2 protein chains.
Amino acid sequence: MFTETIRRNVSQQPAARVVQPVKVKPVGLDGPIEKMGAPMQFGRGAEIYGEGEPTDYVYKVVSGAVCTYRVLTDGRNQVESFYLAGDIFGFELGGEHSLSAEATINSKLLMMRRSAIIALAERDSSVARQLWMISAKELQRAQEHLILLVKTAQERVVCFLLEMAARTPGANEIDLPMSRRNIADYLGLTIETVSRVVTQLESSGAIVLDTSRHIILRSRKALSCMNS
Amino acid sequence: MFTETIRRNVSQQPAARVVQPVKVKPVGLDGPIEKMGAPMQFGRGAEIYGEGEPTDYVYKVVSGAVCTYRVLTDGRNQVESFYLAGDIFGFELGGEHSLSAEATINSKLLMMRRSAIIALAERDSSVARQLWMISAKELQRAQEHLILLVKTAQERVVCFLLEMAARTPGANEIDLPMSRRNIADYLGLTIETVSRVVTQLESSGAIVLDTSRHIILRSRKALSCMNS
DNA sequence: CGACCATTTGATATGGATCAAGCGATGTGG
DNA sequence: CCACATCGCTTGATCCATATCAAATGGTCG
């Protein structure tokens, strides 16, 4: 059982309301893996785990969003992936995390003991298969991301918007659950460049910025032409 | 059994001597997976498989070198990975290859039926584990590659040289089994930039270019300072 | 209302791309 | 065996996309 009290640093940013981790009811989650999970809250900017920490837990996003990233020697953060509701992350093969993870907005996560999952996978081959699929998806995502990084700034931003739209229920509206900084770190650009491209996409009529985080895709066709 | 005769396109480049695939004796290879393999020769530049082709075979490099890549819409090739002697590649989860693969120099490969390997994995859990490890390594490699692509040209080239040195037996000498074009496509740079950086590394005394493909690392320390 | 961030916008600098030419090795045909 | 064609690589000159530096704007919360 999972009974210990875990406290996580909640971001130092003044903006981050200090949300102490509390257990909440698991809702809308099924499957043998999720059954073992303990739900926790993480405030915006809160570190979930750091590079080099032991891979004791695997996480599932119940609500909110998480990014995994690596801190480069020059201080930049390279974001590897964003995880949205329903996504599982933190399942790395080695004994310690090769990336850090933090909540990009206030988020509710299911924490599951890695050892329990692995034990379960040994008894239940469908679980083993599920884990395998998670890794495979992760690799695919990394490969797509790799391609992104050799494109132009406009192409990167457009790809990102289309990717987010595809992963979000509402067809042509996206609520970006991360800051421009997070996006820039994902795309290997500066926040200024991201901002400029977004502005320019709006001028061209391809998108509308309802607010900076709520974007409406006006013309998929126009965007698709720009994404590569 | 694997008895059909397979012919592969050997590069159109005049430089590529036309080496017809022939079966050769498997040497220095053990393990249940390798036992099932049929050795084949591929000439420099020969395509091993193309994006979208069915993932019928898994390959092991006996000698030579292979790269996997994706063709971008603007005609560039983004190289995802290089595979050297001993490396296994082509094992993708979906039914078709998401990347293309070609020999960067004349190479000898072991071709194994994917279905046979999967069947074997179901009977032999150690094989399943081995496959798992291959995927995990692949993901790690992709993540490192991702980081590479947000660095400066010099850092990328230095990282590449150090990576190759680490994967090569001879401690401080590397025989690059690929062209500048392959390297540039891997690093997301132009051949001119790669060439300039290499030249500059030689001027600084960090390396010596015996020939353009045979490089001696003079000062690991100096290189390590530059790799990030 | 006022402070604080996040984001946008503007001006300038620069690293790497592009365009172009030269060089050196390797193989070919006379 | 040598002249030549070819290809891979290097070197040079210029241009441009994006970074950097700087400042204005806007949204949110106390």
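All values derive from a computational prediction rather than experimental measurement. In what follows, every heavy atom counts, from backbone to side chain, and hydrogens, waters and symmetry copies are set aside.
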Practice item. State plainly whether the residues A:Glu163 and A:Arg167 are in salt-bridge range, i.e. N to O under 4.0 Å. Key: yes

Check your understanding: Quick one: are B:Arg44 and B:Glu102 in side-chain contact, heavy atoms under 4.5 Å?
Key -> no

Review point. Heavy atoms under 4.0 Å, any strand shown: does B:Ile183 hit a base, just sugar-phosphate, or nothing?
Key: nothing

Review point. Under 4.0 Å: is that the gap between some side-chain N or O of B:Thr199 and OP1 or OP2 of D:dT11?
Key: yes

Check your understanding: What does A:Ser179 touch in the nucleic acid at a heavy-atom separation under 4.0 angstrom: a base, only the sugar-phosphate, or nothing?
Key -> sugar-phosphate

Point to revise | Contact nearer the 5' end of DNA chain D, comparing A:Gly188 with B:Glu192 | key: B:Glu192

Point to revise | OP1 or OP2 of C:dT7 under 4.0 Å from side-chain N/O of A:Ser195 | key: no

**Study point:** A:His214-A:Glu173 side chain donor-acceptor pair, cut-off 3.5 Å
**Key:** yes

Check your understanding: Which part of the nucleic acid, if any, lies within reach of A:Leu187 when heavy atoms closer than 4.0 Å are counted: base, sugar-phosphate only, or nothing?
Key -> nothing

**Study point:** Modelled atom types, side-chain donor and acceptor of A:Glu92 and A:Ser98, under 3.5 Å
**Key:** yes

Practice item. For A:Ser212, answer base if it contacts any base atom (sugar-phosphate contacts may also be present), sugar-phosphate if it contacts only those atoms, and nothing otherwise; contact means non-hydrogen atoms under 4.0 Å. Key: sugar-phosphate

Exercise for review: Report which part of the nucleic acid B:Arg213 touches: base, sugar-phosphate, or nothing (heavy-atom distance under 4.0 Å, all strands).
Suggested key: sugar-phosphate

Review point. Are B:Tyr49 and B:Tyr57 near enough that their ring centres are under 6.0 Å apart?
Key: no

Check your understanding: Of all heavy-atom pairs between B:Thr104 and B:Pro177, which one has the smallest distance, and what is that distance?
Key -> OG1-O, 2.6 Å

Review point. How long is the line joining CZ of A:Arg181 and P of C:dT8, in whole Å?
Key: 13 Å

Practice item. For D:dA19, take OP1 and OP2 only and decide whether either is under 4.0 Å from a side-chain N or O of A:Thr193. Key: yes

Check your understanding: Can you tell me how far C1' of C:dT8 sits from CD1 of A:Ile215, to the nearest Å?
Key -> 13 Å

Check your understanding: Rounded to whole angstrom units, what separation is found between the CD atom of B:Gln154 and the P atom of C:dA17?
Key -> 14 Å

Point to revise | Whole-Å gap separating C1' (C:dC5) and CG (A:Asn182) | key: 14 Å

Study note, to complete from the structure: To the nearest angstrom, the NE2-C1' distance between B:His214 and C:dA25 comes to 17 Å

Point to revise | Nearest-angstrom distance from the residue atom CZ of B:Arg180 to C1' of C:dG24 | key: 13 Å

Check your understanding: If we ignore angles and hydrogens, is there a donor and acceptor under 3.5 Å between the side chains of B:Asn172 and B:Arg220?
Key -> yes

Check your understanding: Quick one: B:Lys151 NZ to D:dT18 P, roughly how many Å, whole number?
Key -> 22 Å

Exercise for review: Side chain of B:Ile191 only, please: which of D:dG8, C:dT7, D:dT10 is the nearest?
Suggested key: D:dT10

For nucleotides 13-17 of chain D, which of its nitrogen or oxygen atoms have a protein nitrogen or oxygen under 3.5 Å away, and what is each distance?
from, atom 1, to, atom 2, distance (Å)
D:dA13, N6, B:Arg196, NH2, 3.4

Check your understanding: Do B:Thr73 and A:Ser228 meet the criterion of a side-chain donor-acceptor pair at a distance under 3.5 Å?
Key -> yes

Study note, to complete from the structure: Here the distance between atom C1' of D:dA19 and atom CG of A:Asp185, to the nearest Å, is 14 Å

